[in-house]
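In what follows, a structure is listed as structure tokens, so that the remarks can point back to it.
Numbers for residues simply follow the sequence, beginning at 1. Every value quoted in this text rests on a predicted model; they were computed, and no experiment measured them.
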Amino acid sequence: MDNYRLILVLSLGFVSFLLYQAWVRDYGPILEERAVSSTVEATGSAVPEGVPVEAAATDGVVDSSPSVQLDSGVVRVETDVLRVDLATRGGSLVNVWLKDYKVSPDRQDEQFQLFKAEKPNLFIAQSGLLGGAADQLPNHNAVFQASQDTYELGDRDELSVDLRWQGEDGIEVIKTYRFRRGSYEVDVSHRIVNGGDEPLAMRLYSQLQRTDYKPIEASRFVRTYTGGVYYSPEDKYKKVSFSNMKDDALNRDVNDGWIAMIQHYFMAAWIPPRDRLYTFYTNIVDGDRYIIGMYSPAFAVAPGAEEVLEESLFVGPKLQNVLASIAPGLELAVDYGWLTVLAQPIFWVLDKIHSVIGNWGWSIIVLTILIKGLFYKLSETSYRSMAGMRELAPRLQALKDRYGDDKERLNQAMMDLYRKEKINPLGGCLPILIQIPVFISLYWVLLESVELRHAPFMFWLNNLSAPDPYYVLPLLMGVSMFVQTKLNPLPPDPIQAKVMMSLPFVFTVFFAFFPAGLVLYWTVNNILSIAQQWFIMKGMKGQKAKK
């Protein structure tokens with residue numbers, strides 16, 4: 001197998017992959033609208049929009065009014081890392097700003113808003129109780145009361161916000177949100193007090209609701225996943241895309257799992273208590289609001305007794321070290337794809353380098369040098385084979401001219417020539433193939449890691465997660481790729497040679513829209529490859545001259 005054929009196939013495959021991603025994002029199947037109304041059981045009970053009818057515990061009617069309402073007001077909560085609006089209707093999280101993350105490097109006064117109560121970028125978290133007769137328990141449409149309109153963490157390490165709901169027959173529910181300093185994890189509890197004369201059966205449900213929209217930072221040429229995910233010890237990390245929710249609703253009992261909605265860099269996740277069986281579900285409301293949620297087993301609160309149900313909600317950036325400490329498998333929301341087993345160690349090394357250097361751009365350069373050093377011997381084998389093939393190129397062309405269309409004799413003559421000159425044509429292929437998984441893993445590390453979001457490098461590069469505004473890095477990458485092409489043997493076929501020579505231009509155009517961190521890695525890798533190849537070729541010429 002000739003080296004140029006491998007390079008051509010890999011390059012064209014990579015470009016085709018990028019084109020396919022862009023096409024799917026812009027012209028893929030459009031989800032049909034699917035209206036899911038409140039479902040009434042034979043007993044006459046109903047559940048609010050988005051919650052499966054199976055979650056209803058007893059007979060009676062539960063309010064099924066629209067699920068996104070701010071008509072009763074909001075409670076503002078300020079911590080050191082979060083600014084949160086809690087709607088008194090349902091006690092839902094309807095607006096969340098992340099104080100340490102800005103909209104863009106040029107808009108440092110605007111905090112990034114992850115949750116939003118308005119379309120088209122609707123994204124909220126809801127929870128409530130189901131069971132009993134109409135209005136006997138509060139779902140996410142019930143109106144809660146708060147003792148004040150604003151809460152601030154201030155100098156404290158923890159802040160609790162109580163929302164109270166008073167029902168008939170002495171039933172009271174206190175929904176409490178507990179915020180901690182420096183944490184994006186919020187503890188949520190429901191304290192149910194049964195002041196009536198009858199046992200009260202119910203279920204707790206929690207869900208995330210959002211519309212399908214392209215995050216503001218999404219690139220046209222770099223596709224990242226936005227949608228639902230869940231984790232279970234059996235299935236591990238599973239995606240539930242918006243199209244999956246339409247075609248096959250999730251309905252699964254899970255122990256020690258969690259459900260989430262994720263997007264590029266950020267996520268929200270409901271995490272139930274450990275060792276408790278919850279049912280995970282998905283649903284669609286009004287054709288454009290997608291829901292992933294969970295509900296608990298049915299339980300009862302005796303007359304004169306009370307019950308406290310605990311769970312947690314994570315709303316924030318996908319910081320791997322933080323996620324791993326919250327729940328099993330939560331760090332997998334940093335989606336490195338099928339090469340996670342390689343990508344996670346690569347990120348660990350990159351993070352350690354950054355802890356010493358303090359600059360993500362230079363950390364990428366150092367990591368690229370380390371990876372290049374790790375594969376130095378493999379690359380040396382490849383470049384020596386390429387150099388040998390380059391020297392044989394005129395003689396191979398002469399063989400092709402001599403034997404013409406006689407493929408059998410041509411192949412035999414080429415193998416005899418390789419054997420005589422002690423050159424293995426596969427020598428340049430196998431080392432490259434071995435390195436490809438590592439390079440793809442690093443690609444996803446640089447693309448998915450929120451730590452690199454808006455990370456400055458030097459000079460005009462103030463955001464490694466965005467394209468180079470002046471296209472300097474893509475041009476340097478194109479030049480380095482052109483030099484590499486000139487160092488490698490071109491195919492004797494004129495058409496194939498033209499295709500090879502056009503690849504640097506094609507890649508330059510594509511990389512102009514890639515995040516600068518990815519282009520920086522690719523450029524440095526090309527420069528190191530050129531230096532290594534030149535050094536090896538110079539040494540081979542010196543050895544040949546001595547002989």
Side-chain angles (χ1 to χ4, degrees), residues 47-48 50-52 54-57 86 90-93 96 115 124-131 137-140 160 163 173-180 183-192 201-210 227-240 245 249-262 267-283 290-301 306-316 318 322-333:
V47 293
V51 183
E54 292 84 357
L86 299 172
S92 303
L93 275 81
V96 174
F115 275 15
I124 60 175
Q126 302 167 314
S127 62
L129 297 167
L130 294 175
L137 289 169
N139 59 28
H140 61 255
S160 294
L163 303 176
V173 175
I174 300 96
K175 181 185 290 190
T176 301
Y177 289 91
R178 283 185 293 275
F179 301 86
R180 295 187 297 275
S183 177
Y184 296 99
E185 183 184 12
V186 183
D187 294 329
V188 184
S189 66
H190 288 74
R191 180 184 170 210
I192 304 104
M202 69 190 75
R203 296 180 192 267
L204 170 68
Y205 72 92
S206 305
Q207 62 186 26
L208 297 163
Q209 180 178 164
R210 72 175 297 163
V229 298
Y230 75 92
Y231 178 88
S232 69
E234 298 80 17
D235 296 335
K236 302 303 180 183
Y237 178 78
K238 298 285 288 187
K239 294 180 181 178
V240 188
M245 295 181 191
L250 176 66
N251 182 18
R252 181 174 177 80
D253 294 334
V254 175
N255 252 324
D256 293 337
W258 47 263
I259 55 100
M261 286 280 193
I262 69 171
M267 67 177 294
W270 279 109
I271 305 161
R274 300 293 301 271
D275 299 323
R276 291 199 65 179
L277 186 69
Y278 271 65
T279 300
F280 293 174
Y281 64 88
T282 59
N283 217 332
Y290 299 86
I291 292 173
I292 186 168
M294 61 185 188
Y295 61 83
S296 71
F299 63 95
V301 181
E306 64 178 61
E307 181 80 18
V308 178
L309 304 175
E310 301 276 356
E311 56 189 352
S312 64
L313 173 66
F314 179 88
V315 185
K318 293 190 286 187
V322 173
L323 297 177
S325 64
I326 294 176
L330 197 60
E331 72 280 2
L332 297 176

Heavy-atom side-chain proximity of [X] to [Y] below 4.5 angstrom:
X    : Y    : result
V229 : M267 : no
Y281 : I291 : yes
R191 : T176 : no
L309 : I192 : yes
Y177 : L93  : yes
V322 : E185 : no
R252 : E234 : yes
V315 : Y184 : no

Closest heavy-atom contact between [X] and [Y]?
X    : Y    : answer
V254 : P233 : CG1-CD, 4.3 Å
Y278 : P273 : OH-CD, 3.7 Å
L323 : K318 : CD1-CA, 3.8 Å
A201 : L137 : O-CD1, 4.1 Å
A327 : I271 : CB-CG2, 4.0 Å
A268 : L208 : O-CD1, 3.3 Å

Looking only at side chains, do D235 and Y230 share a donor and an acceptor under 3.5 Å apart? yes

Side chains of D253 and T279, donor plus acceptor under 3.5 Å: yes

Begin from the C-alpha positions of L204 and E311 and carry the test side-chain contact (heavy atoms from CB on, under 4.5 Å) through to its verdict. CA-CA 10 Å; L204 170 68; E311 56 189 352; 3.8 Å; yes

Determine whether a donor-acceptor pair (N or O, by modelled atom type, separation under 3.5 Å) exists between the side chain of [X] and the backbone of [Y].
X    : Y    : result
N139 : L129 : no
W258 : P328 : yes
K175 : S127 : yes
Y231 : A260 : no
N255 : L277 : yes
R203 : S296 : yes
T282 : L250 : yes

Between [atom1] on residue [X] and [atom2] on residue [Y], distance to nearest 0.5 Å:
X    : Y    : atom1 : atom2 : value
W270 : F280 : CH2   : CZ    : 13.0 Å
R180 : D187 : CZ    : CG    : 4.5 Å
Q126 : Y205 : CD    : OH    : 7.0 Å
R210 : I262 : CZ    : CD1   : 9.5 Å
F299 : M202 : CZ    : CE    : 5.0 Å
S160 : I174 : OG    : CD1   : 13.0 Å

F179 vs V186, test: side-chain contact (heavy atoms from CB on, under 4.5 Å). Steps then yes/no. CA-CA 5 Å; F179 301 86; V186 183; 3.7 Å; yes

Salt bridge between E310 and R178, side-chain N to carboxylate O under 4.0 Å? yes

